[in-house]
Peer 1: 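Just passing along the structure, written as structure tokens.
The model shown is predicted, which means the values in this text are computed figures rather than measured ones. All values below come from the heavy atoms of this structure, side chains included, with hydrogens, waters and symmetry mates left out.
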Amino acid sequence: MEINFPFSTSRQNPSLMLPTPPTFTKMASMAFPVVQSPRNSTPIFSSNKEQTQNWNALKFVRGKKLLKDLSTWGIGGPCNYFVQVFHQTHLLSAIRYCREFSIPYVVIGKGSNCLFDDLGFDGCVIQNQIDFLERMEPGVYRAGSGFRFNHLGSLSCNEGFTGLEFAAGIPGTVGGATYMNAGANGQDDLFLKETANVIESVDIVTTEGNFRTLNRIDLTFGYRSSSFQDMDNLAAIVAATFRLERSGSAKKRQQELLKRRRATQPVNERSAGSVFRNPVNLGVSAAELIDKAGLKGCSIGGAMVSNIHANFLVNNGASTSQDMLSLIALVKDKVDSKFGVELEEEVLYFHPYWKYANWER
């Protein structure tokens, strides 16, 4: 999954996404707004010609970058500003630029749990390319937040350490996995299934421009949740340190997990990973509920519920953001009507005009 961590220039500004009921976690509140964009609307930014602005060695691209190229779903129009950062100082400079010019911004990694609107995003998308890896000592890895999480999982198992076997099957970055407490769902307990199990510390940058290191004891994690989702002054995660245990069977377990994943998930189709969180304390997964509601293969436009895994909604090549929003709404409605269970989105929707509407409660 993916992850990704959205922030506005100020927590006093309207939220990027409409909150769900207050009984849900704060990250869950970054869900889907009631107002949806018209199917045939024109993108809000012109992409006919590229404009660039250079600032503190950073290159900001104006109105040209298409968000569909930054998302595993392959959906999304142009953003008003786009910049790539390769070092924590670049990240800080990009954030200061947005604050100085009052530009809303979002920091993303691989875009593996993001649904961007076809109209685009009226703000700045900062793509995190901080992808260094340090071996602090045997079994202790410090990785940049832009480092590929699946690569870290494969590398650590190949070097004989256990704890991140599941990561090899999760697209996205270290920062996104840490922010969302990414994990893998399985019926056995042969491996640790959540990112939080092996985190030792996390480096962050605040909205005030300060760098901080938070130790594991300072953090709380839950199912697809973390302390970071409730930090008002968090701008972005910069790096995370993982402490793993030596194991001679880690690589074998990882290969078994990857084999299972290829057999049970649409790995060759455009998706955002699991769209819905599993209901708590029901003993049934979101995929089972969607399947039992008869929704496998159901489609709206170019968006379809996967025939392989019902909690994966795939882009058949021509899905619009409206198609995907409508299909998500349909799935939620059918499951609620049949089983009385209100599914909660795991993916994040980025509304193009969020700063013009009062989404906050």
Side-chain angles (χ1 to χ4, degrees), residues 1-7 11 23-30 88 91-92 95 107 109 113 128 130-150 152-153 155-157 159-167 170 172-186 189-247 250 277-278 280-281 346:
M1 66 167 280
E2 69 198 278
I3 218 341
N4 314 275
F5 14 95
F7 308 101
R11 289 289 177 161
T23 53
F24 294 166
T25 64
K26 188 166 185 179
M27 174 50 97
S29 73
M30 300 176 185
Q88 65 182 32
L91 174 61
L92 185 56
I95 292 170
V107 183
N113 71 330
N128 184 352
I130 306 173
D131 61 354
F132 68 85
L133 180 67
E134 300 173 350
R135 293 168 176 81
M136 312 300 289
E137 60 183 83
V140 179
Y141 300 86
R142 181 174 181 265
S145 51
F147 194 83
R148 287 184 297 142
F149 194 52
N150 53 11
L152 178 61
L155 182 148
S156 59
C157 284
E159 295 182 357
F161 295 97
T162 183
L164 286 174
E165 288 92 330
F166 72 90
I170 298 180
T173 61
V174 164
T178 301
Y179 186 82
M180 288 293 293
N181 189 21
N185 299 309
D189 292 316
L190 296 178
F191 58 95
L192 298 170
K193 304 183 186 70
E194 289 187 332
T195 307
N197 294 128
V198 289
I199 283 180
E200 181 166 88
S201 64
V202 180
D203 302 324
I204 68 170
V205 61
T206 69
T207 53
E208 295 80 22
N210 300 316
F211 291 103
R212 293 177 58 195
T213 296
L214 301 174
N215 294 317
R216 180 62 180 84
I217 196 172
D218 303 317
L219 302 169
T220 57
F221 292 91
Y223 173 60
R224 302 300 179 267
S225 66
S226 71
S227 304
F228 305 106
Q229 298 166 15
D230 296 314
M231 290 182 184
D232 290 336
N233 66 337
L234 175 69
I237 293 172
V238 174
T241 300
F242 303 88
R243 181 172 291 276
L244 311 181
E245 299 294 330
R246 189 170 291 280
S247 170
R277 299 166 186 251
N278 290 323
V280 179
N281 299 325
E346 187 172 308

Peer 1: Looking at CD1 of I95 and OG1 of T206, how far apart are the two atoms once the value is rounded to the nearest 0.5 Å?
Peer 2: 8.5 Å

Peer 1: Is there a side-chain contact between L164 and Y141 (heavy atoms, below 4.5 Å)?
Peer 2: no

Peer 1: Whether the side chain of T195 engages the backbone of T178 through a donor-acceptor N/O pair (distance < 3.5 Å, no angle test) should be reported.
Peer 2: no

Peer 1: Within the structure provided, determine whether L219 and V202 are in side-chain contact (heavy-atom separation under 4.5 Å).
Peer 2: yes

Peer 1: Check A167 against G153 and note the closest heavy-atom contact, atom names and distance.
Peer 2: CB-CA, 3.9 Å

Peer 1: Does R135 use its side chain to pair, donor to acceptor, with the backbone of P138 at less than 3.5 Å?
Peer 2: no

Peer 1: So which heavy atom on A235 is nearest to which on V107, and how close?
Peer 2: O-CG2, 4.1 Å

Peer 1: Please answer whether the main-chain N or O of R224 pairs with a side-chain N or O of R277 as donor and acceptor at a distance below 3.5 Å.
Peer 2: yes

Peer 1: For T220, is there any backbone N or O sitting under 3.5 Å from a side-chain donor or acceptor partner on S227?
Peer 2: yes

Peer 1: Would you say S226's side chain and M180's backbone share a donor-acceptor pair under 3.5 angstrom?
Peer 2: no

Peer 1: Rounded to the nearest 0.5 Å, how far apart are CZ of F147 and CD1 of I130?
Peer 2: 13.5 Å

Peer 1: Are the side chain of Y223 and the backbone of N278 linked by a donor-acceptor contact shorter than 3.5 Å?
Peer 2: yes

Peer 1: Any side-chain donor paired with an acceptor under 3.5 Å for T213 and D203?
Peer 2: yes

Peer 1: Between N128 and G109, is there a donor-acceptor pair closer than 3.5 Å when you use the side chain of the first and the backbone of the second?
Peer 2: no

Peer 1: Specify the closest pair of heavy atoms between G209 and L92, including all atoms of both residues, with the distance to one decimal.
Peer 2: CA-CD1, 3.4 Å

Peer 1: Does any part of the side chain of F166, heavy atoms only, come nearer than 4.5 Å to the side chain of E194, both counted from C-beta?
Peer 2: no

Peer 1: May I ask you to decide if I217's main-chain N or O and N215's side chain share a donor-acceptor pair within less than 3.5 Å?
Peer 2: no

Peer 1: Testing V205, V238, N233 one by one against R212 for a side chain to side chain contact (heavy atoms under 4.5 Å, CB included), which residue passes?
Peer 2: N233

Peer 1: Counting only heavy atoms not in E245 (residues, nucleotides, ligands), do more than 12 fall under 6.0 Å from its CD?
Peer 2: no

Peer 1: Using a 3.5 Å distance criterion without hydrogens, assess whether the side chain of T162 forms a donor-acceptor pair with backbone atoms of A250.
Peer 2: no

Peer 1: Less than 4.5 Å apart, any side-chain heavy atom of N150 and any of I170?
Peer 2: no

Peer 1: Tell me if a side-chain donor or acceptor on R216 pairs with a main-chain N or O of N197 at a distance below 3.5 Å.
Peer 2: no

Peer 1: With a 4.5 Å heavy-atom cut-off, do T241 and V140 have their side chains touching?
Peer 2: yes

